[in-house]
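We number each residue from 1, following the sequence as shown.
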Amino acid sequence: MSHLGNRHVDTTFDSWCREWSELGLAGRPPDDFYASLLAHYQQPHRAYHTLQHLDECFALLSEVRNCPCLAEISLALWFHDAIYDTARSDNEAASADWIAEAAQLAGASTALIDRLHALVIATQHSVIPQNEAAQLLIDIDLTILGASGPRFDEYEQQIRREYIWVPESLYRQKRAELLLQFLQRPVLYCTAEFRARFEAPARQNLLRSIQALQQGA
């Protein structure tokens, strides 16, 4: 089944309201949830996990069609990096709890709350998801790995700024180890469309970055 098509999704308040409505809910979370989300993505300690990343994710989501879970994926994107602090290890879990709270306030069913929570947890990238919605979500989240050379290099610099508190030699070692884990995966992208588009450049970017990190260590 092909997923690539046209669908406008953005980070405006109208889009935020529309996604909750498309879930068939009579209400939505209080408006301060939207304002708080935007404020979190603009926290000064962030360099990559910002509105830029969110906009890039939504730009890719706008190309998706023939998927019945688009509204759920969109809301998961809104929240997937809502909590982000490089000094803590529970960012995804805390972000998942936040989307669950928002969905509950919007009057969502327990089943929908559980699905939204699971989607955000999937962005831990620790396991390969088996359902279509989670596969699309993590593919979108990982497309930065297959970005153009200049954008990928910018991404690497942004991640370094987010971990500015880590000594250089230790950062290079740990970052190279993490990127190598991705490079050693049989495939990086779950869906055929994203694999065809991003797999090869992602592997080139990962290899180049690992070599640079190791040479500079």
Side-chain angles (χ1 to χ4, degrees), residues 1-43 46 48-84 90-125 129-144 189-194 197:
M1 178 184 296
S2 176
H3 294 296
L4 298 184
N6 292 306
R7 182 175 186 271
H8 180 66
V9 182
D10 56 37
T11 52
T12 65
F13 183 68
D14 286 345
S15 173
W16 164 261
C17 296
R18 183 173 63 248
E19 300 308 330
W20 289 104
S21 177
E22 288 184 3
L23 291 177
L25 302 175
R28 64 171 187 267
D31 291 351
D32 59 2
F33 266 77
Y34 173 80
S36 184
L37 272 177
L38 293 189
H40 274 70
Y41 280 99
Q42 297 175 82
Q43 291 170 324
R46 298 180 184 232
Y48 171 68
H49 295 86
T50 64
L51 290 176
Q52 178 190 21
H53 171 53
L54 205 58
D55 286 340
E56 288 173 340
C57 287
F58 280 129
L60 285 159
L61 185 62
S62 71
E63 301 176 17
V64 172
R65 62 180 175 84
N66 295 337
C67 176
C69 304
L70 288 177
E72 293 182 19
I73 295 170
S74 180
L75 286 172
L77 283 174
W78 276 105
F79 283 88
H80 81 289
D81 288 321
I83 306 298
Y84 184 76
D90 65 339
N91 289 309
E92 292 86 1
S95 298
D97 289 344
W98 200 6
I99 197 175
E101 178 188 358
Q104 184 178 32
L105 289 171
S109 66
T110 299
L112 176 55
I113 293 171
D114 289 345
R115 291 198 301 273
L116 292 171
H117 189 277
L119 280 173
V120 175
I121 289 293
T123 62
Q124 291 175 328
H125 302 293
Q130 299 303 308
N131 69 79
E132 181 182 25
Q135 289 178 350
L136 278 170
L137 176 66
I138 67 168
D139 276 5
I140 288 170
D141 194 27
L142 289 179
T143 51
I144 187 63
Y189 299 98
C190 299
T191 62
E193 292 87 353
F194 279 78
R197 183 173 173 182

Give, for atom [atom1] of [X] and atom [atom2] of [Y], the distance between the pair rounded to the nearest 0.5 Å.
| X | Y | atom1 | atom2 | result |
| --- | --- | --- | --- | --- |
| Glu22 | Leu70 | CD | CG | 8.0 Å |
| Asp139 | Arg197 | CG | CZ | 11.5 Å |
| Leu119 | Leu137 | CG | CG | 5.5 Å |
| Phe58 | Glu19 | CZ | CD | 7.0 Å |
| Leu142 | Cys57 | CG | SG | 9.5 Å |
| Thr50 | His53 | OG1 | NE2 | 8.5 Å |

Do you know which two heavy atoms are closest between [X] and [Y], and how far apart they sit?
| X | Y | result |
| --- | --- | --- |
| Ile121 | Ala93 | CD1-CA, 3.7 Å |
| His80 | Leu77 | ND1-O, 2.7 Å |
| Leu38 | Gln42 | O-NE2, 3.0 Å |
| Val120 | Ala76 | CG2-O, 3.9 Å |
| Gln135 | Pro129 | NE2-O, 3.0 Å |
| Cys67 | Ile73 | SG-CD1, 4.1 Å |

(message) If the condition is salt bridge (charged side-chain N to carboxylate O under 4.0 Å, His left out), which residues does Asp114 pass it with, not counting sequence neighbours?
(response)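 None.
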(request) Look at the side chain of Ser21 and the backbone N and O of Arg18, then say whether any donor-acceptor pair between them is shorter than 3.5 Å. (result)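 Flag not set: sc Ser21 to bb Arg18 has no pair under 3.5 Å.
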(request) Taking Asn131 for its side chain and Ala134 for its backbone only, find out whether a donor-acceptor pair lies under 3.5 Å. (result)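 Yes; judged by distance alone, with no hydrogens or angles, the pair exists.
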(request) Side-chain contact test, heavy atoms from C-beta onward, threshold under 4.5 Å: evaluate it for Asp81 versus Leu54 and give yes or no. (result)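 Contact flag for Asp81/Leu54 side chains = no.
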(message) Quick one, Tyr41 and His49 - any side-chain contact, counting heavy atoms below 4.5 Å?
(response)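 No, too far: nothing below the 4.5 Å cut-off.
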(message) By the side chain to side chain donor-acceptor pair (under 3.5 Å) test, which pairs, at least two apart or in different chains, include something from residues 115-125?
(response)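 As it turns out, the side chain to side chain donor-acceptor pair (under 3.5 Å) pairs with a partner in residues 115-125, which skip direct neighbours, are Glu72-Arg115, Asp97-His117, His125-Asp141.
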(request) If a pair satisfies side chain to side chain donor-acceptor pair (under 3.5 Å) and one of its residues is in residues 98-112, list it, with sequence neighbours excluded. (result)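 Not a single pair qualifies under side chain to side chain donor-acceptor pair (under 3.5 Å).
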Could you work out, with side chain to side chain contact (heavy atoms under 4.5 Å, CB included) as the rule, every residue matching [X], not counting sequence neighbours?
| X | answer |
| --- | --- |
| Asn91 | Ile83, Tyr84, Asp85, Arg88 |
| Ala102 | Trp20, Pro29, Phe33, Phe79 |
| Thr143 | Leu60, Tyr189, Phe194, Phe198 |

(message) Is the ring pair Trp16/Tyr34 parallel, tilted or perpendicular, if the boundaries are 30 and 60 degrees?
(response)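 Answer is tilted, since the angle falls between 30° and 60°.
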